[in-house]
Amino acid sequence: MTDFAWMLPLIRSIHEEIRSPVVSACEHAAEGEMSQVVGDGHGDTIYSIDRLSETLLVDLFERKIASQIPIVLIAEGLQGGTVTLPRSASEKDALCRVIADPIDGTRCLMYQKRSGWILTGVAPNHGEFTRLKDIELAVQTEIPLVKQHLCDSIWALRGKGAHAERFNRISGERHILFTRPSTAEELAHGFSSIARFCPGGRDVLASIDDEIFFAAAGPSPEGKAYCFEDQYLSTGGQLYELMMGHDRFLADLRPLLRGILQQRGWTPSLCCHPYDLCTELIAREAGVIVTNEAELPLDSPLNIEVNVSWIGYANSAIRALVEPLLQSAVERRILMPSQKATVRPTSPLSKTMRQGPKLL
């Protein structure tokens with residue numbers, strides 16, 4: 001393991017220097033100003049609020065980190081998705097690759113519906129072969145709503161556990177916060193979700209959702225609801241909900257819908273990318289189980305283009321309950337008949353899906 005511990009306080013300070021002006025901009029912007037479209041990146045639409053944070057991100061990493069070692073910074077909104085810092089350095093000379101999302105949950109934040117998050121993961125530089133599994137240090141910092149005075153930050157070094165802090169924007173006080181994934185062994189009376197944020201295939205995802213919950217918890221009596229969902233439009237936010245014990249199970253399967261959407265004559269919609277998941281190390285260090293659709297650890301390359309499916313379980317009991325139900329539902333509702341013939345009976349997705357979905 002490469003020792004990136006010295007970067008932790010610097011990255012935390014970078015996050016805080018991004019958080020303050022973004023909150024201030026939201027507070028003083030005219031209605032609709034932050035939601036203006038200013039461009040389209042490889043991974044997602046770029047809004048006005050994104051441009052502010054991206055400019056700060058590059059400047060701060062150049063001054064605070066690249067002044068000490070050369071790095072490759074990977075982020076949406078950068079030309080080609082990467083920049084080598086300092087500018088005089090070459091990519092092969094960089095000692096690490098830093099993948100970041102200066103605002104994860106842009107849409108929530110720009111309409112002041114819910115907190116966004118600043119996400120950063122640091123991995124040794126293996127060039128284009130560097131992957132999510134290589135990340136050794138991860139930090140995520142909450143960008144609160146204007147009306148919200150408390151905000152959290154969470155971080156982890158591989159093998160050192162997850163650590164968290166709550167910051168009071170009014171008093172400046174900081175308090176230790178503890179991550180506590182749920183210990184519940186069933187889904188009833190808790191929050192769990194299949195992500196279906198965008199139009200296109202939501203009927204398929206909702207049917208998978210219903211199938212899992214009816215099989216795991218049974219139908220609710222008339223007039224009652226025993227299972228709940230929360231469509232938090234931020235991957236970092238979703239991981240936070242698992243880490244803090246608010247959610248028991250989450251899955252984002254949007255990349256798997258490609259074939260169905262093409263059959264319907266629809267263009268595949270927005271999916272999760274590696275920069276959205278660059279802090280999943282923190283969730284794992286906190287005790288959350290994070291896998292891909294084939295029950296394996298996440299292992300996508302560090303770029304801004306790959307579409308990534310992921311599943312998070314609060315604990316092993318929830319995984320044992322949900323995973324076979326999820327695998328079965330996905331096999332029957334998403335995999336094509338020609339694909340099903342290649343699947344081993346013991347694991348519906350093990351052969352076909354371990355190869356990964358085709359990239360959009």
Side-chain angles (χ1 to χ4, degrees), residues 7 11-12 14-19 21-23 25-26 34 38-61 65 71-83 85 96-110 114-123 130-132 134-135 137-144 151-156 195 197 232-241 243 252 254 270-283 290 298 300-308 310 312:
M7 285 190 186
I11 293 176
R12 291 194 62 203
I14 288 172
H15 282 202
E16 293 185 2
E17 289 190 52
I18 293 174
R19 178 178 63 195
V22 169
V23 173
C26 289
M34 291 290 98
V38 297
D40 274 305
H42 292 288
D44 197 358
T45 303
I46 307 297
Y47 293 96
S48 177
I49 191 172
D50 291 312
R51 195 61 83 202
L52 168 64
S53 60
E54 287 163 1
T55 301
L56 289 168
L57 181 79
V58 175
D59 177 64
L60 290 168
F61 268 99
I65 305 294
I71 67 170
V72 174
L73 180 62
I74 305 165
E76 188 185 17
L78 301 179
Q79 184 68 34
T82 66
V83 62
L85 303 173
C96 65
R97 297 178 86 85
V98 179
I99 185 166
D101 192 345
I103 303 182
D104 180 42
T106 297
R107 293 158 181 83
C108 295
L109 195 63
M110 70 190 187
R114 200 162 184 178
S115 293
W117 293 84
I118 307 165
L119 312 178
T120 301
V122 181
T130 313
R131 307 182 74 84
L132 271 175
D134 297 320
I135 288 176
L137 166 65
V139 183
Q140 70 176 69
T141 301
E142 186 176 9
I143 306 176
C151 48
D152 298 344
S153 59
I154 316 173
W155 61 91
F197 310 130
Y232 192 169
L233 190 52
S234 162
T235 303
Q238 289 178 306
L239 291 170
Y240 172 85
E241 298 296 275
M243 286 185 270
D252 188 340
R254 288 174 289 169
L270 174 67
C271 292
C272 187
H273 298 99
Y275 52 79
D276 297 306
L277 282 162
C278 68
T279 61
E280 62 93 25
L281 169 68
I282 309 174
V290 183
L298 299 185
S300 65
L302 291 192
N303 62 38
I304 66 169
E305 299 168 343
V306 175
N307 295 322
V308 186
W310 69 277

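Computed over heavy atoms, backbone and side chain alike; hydrogens, waters and symmetry mates excluded. Treat the numbers as computed from the prediction; the structure is a model and nothing was measured.
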Going through the checks in order, is the side-chain contact (heavy atoms from CB on, under 4.5 Å) test met by L109 and V22?
CA-CA 10 Å; L109 195 63; V22 169; 3.9 Å; yes
Output the distance between atom [atom1] ([X]) and atom [atom2] ([Y]), rounded to the nearest 0.5 Å.
X    : Y    : atom1 : atom2 : result
I65  : L60  : CD1   : CG    : 10.0 Å
I103 : E76  : CD1   : CD    : 11.0 Å
D152 : W117 : CG    : CH2   : 5.5 Å
E280 : L132 : CD    : CG    : 6.0 Å
I14  : L57  : CD1   : CG    : 7.5 Å

Do [X] and [Y] have side-chain heavy atoms sitting under 4.5 Å apart?
X    : Y    : answer
L78  : E54  : no
V139 : T279 : no
Y240 : I154 : yes
N307 : H273 : yes
D276 : W310 : no
I99  : T130 : no

Hits for salt bridge (Lys or Arg N to Asp or Glu O under 4.0 Å) against D104, two or more places apart or cross-chain, chain-then-number order -> none
R114 meets the salt bridge (Lys or Arg N to Asp or Glu O under 4.0 Å) criterion, sequence neighbours left out, with D230, E241
_So does S115 get a backbone contact from the side chain of E142, meaning a donor-acceptor N/O pair under 3.5 Å?_
no
### Query
Just by modelled atom types, is the R131 backbone N or O under 3.5 Å from a matching donor or acceptor in the D134 side chain?
yes
Least distance between heavy atoms, [X] atom then [Y] atom:
X    : Y    : answer
A156 : I282 : CB-CA, 3.8 Å
A123 : L302 : CB-CD1, 4.2 Å
Y275 : N303 : CD2-O, 4.3 Å
H15  : T120 : NE2-OG1, 2.8 Å
S153 : R12  : OG-NH2, 3.3 Å
C96  : M7   : SG-CE, 3.5 Å

| said: Show, in sequence, the C-alpha distance, side-chain angles and deciding distance for L56 and E17, and conclude whether the side-chain contact (heavy atoms from CB on, under 4.5 Å) test is met. | reply: CA-CA 8 Å; L56 289 168; E17 289 190 52; over 6 Å; no
Applying side-chain contact (heavy atoms from CB on, under 4.5 Å), run through C278 and D101 and close with a yes or a no. CA-CA 8 Å; C278 68; D101 192 345; 5.6 Å; no
What's the verdict on side-chain contact (heavy atoms from CB on, under 4.5 Å) for I11 and F61, showing C-alpha distance, side-chain angles and the deciding distance?
CA-CA 8 Å; I11 293 176; F61 268 99; 4.2 Å; yes
